[in-house]
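What follows is a set of notes on a single structure, which appears directly below.
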Amino acid sequence: MKILLVASSSPMLEALKMIAAHLGTEATVIAAVHEDAIATLLVEEPTHVIYDLDEEQMTDPRFTFWKSFRQNLPANTRIVLCGFDRLSRVPEDDRSRYLQLPIRIEEFRRALLG
Amino acid sequence: MPKLVLLVEDKTEEIEKAKAALAEVGFKPALARTYTEAKTIWAALGANLAGVITDLHFPEREGRDSKLPCGIAIAVQAREENVPVVICTNVNHHNCEYLWHTWVILKIPTSETKDWRWAAETLDSLIVKGDQS
């Protein structure tokens, strides 16, 4: 198992690393900022992705990293979106895979690993 | 590991055909639907990018006019950066002067019948040729 963490800031990446470390798996964990996420996805071929969907990406049309990432995501790669924004602010298409932080690690594990 | 290529195409039905053709030739596509998106993904892929297959007409950015010949800018950038590139369009060069220029002056291989398989195989041969030179 290889988990790709995607976030726009170091604190958020560190937070995601902590979550990944507590999932209880032997996964290889790799990290990327949004700008590099597609390249990392295509080169590293992770089995799972944890993607920080921050507010700018949801509301500012200049930020299209998530849309680009989504259209390049292989169908068999499991992904969880997360962020501190309320679910109602998340685009409708993405709500089913969005987790609002903070969240219990068990819920996070269930969403990512099934 | 399959070679990574940038695929620039805005129409969903064509994207599916292109992906299938690229996979058959052993490529892994990084998909962009607009010029801006293509530039962003191109920059992110850096040295991992083996080549580019681009449509001719697609929007500069999301929600903009899809009839702009943004593919020319992509092709010219590829030529300048010495990245193998093929244009895949359904526009005939007899009706489109700028396509004539990319084809005849820049000598960029072009499918005028939107033949993704031909485009993928042509790109593959360009990449192999580049590897040997």
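Reminder, nothing fancy here: chain letters follow the sequence lines and each chain counts from 1.
Placement of A/Ile79 and A/Leu53 within a single hydrophobic cluster is found when ILVMFWY residues are connected by side-chain heavy-atom separations under 4.5 Å, directly or transitively. Note on B/Leu45: it clusters hydrophobically with A/Leu41, by side-chain heavy-atom contacts below 4.5 Å among ILVMFWY residues. Under the 4.5 Å side-chain contact rule for hydrophobic residues, A/Ile38 and A/Leu13 do not share a cluster. The cluster map of Ile, Leu, Val, Met, Phe, Trp and Tyr, joined by side-chain heavy atoms under 4.5 Å apart, puts B/Val8 and B/Ile108 in the same cluster. Connection of A/Val90 to A/Leu16 is not established within any shared hydrophobic cluster, with ILVMFWY side chains joined at heavy-atom distances below 4.5 Å, either directly or through further cluster members.
Heavy atoms from other residues, nucleotides or ligands lying under 6.0 Å from CD of A/Glu107 number more than 12.
With a threshold of 4.5 angstrom between heavy atoms, B/Leu4 approaches chain A through side-chain atoms but not through N, CA, C or O. Only the side chain of B/Ile41 comes within less than 4.5 Å of a heavy atom of chain A; its backbone N, CA, C and O stay farther away. For a residue to count as touching a neighbouring chain, one of its non-hydrogen atoms must lie under 4.5 Å from one of that chain's; by this rule B/Ala32 touches chain A with the backbone only.
Note that CG of B/Leu31 is 13.5 Å distant from CZ of A/Phe69, once rounded to the nearest 0.5 Å.
Across every non-hydrogen atom of A/Ala39 and B/Ala44, the tightest pair is CB-O, 3.3 Å. Nearest approach of A/Leu42 to B/Ala30, heavy atoms of both residues: CD1-CB, 3.3 Å.
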Which donor-acceptor pairs lie under 3.5 Å between chain A and chain B?
| from | atom 1 | to | atom 2 | distance (Å) |
| --- | --- | --- | --- | --- |
| A/Leu42 | O | B/Lys28 | NZ | 2.7 |
| A/Glu45 | OE2 | B/Lys28 | NZ | 2.5 |
| A/Lys67 | NZ | B/Glu62 | OE1 | 3.4 |
| A/Lys67 | NZ | B/Glu62 | OE2 | 3.4 |
| A/Ser68 | OG | B/Glu37 | OE2 | 2.2 |
| A/Gln71 | OE1 | B/Arg33 | NE | 2.9 |
| A/Gln71 | NE2 | B/Leu31 | O | 3.1 |
| A/Gln71 | NE2 | B/Glu37 | OE1 | 2.9 |
| A/Gln71 | NE2 | B/Glu37 | OE2 | 3.2 |
| A/Asn72 | OD1 | B/Leu31 | N | 2.6 |
| A/Asn72 | ND2 | B/Leu31 | O | 3.0 |

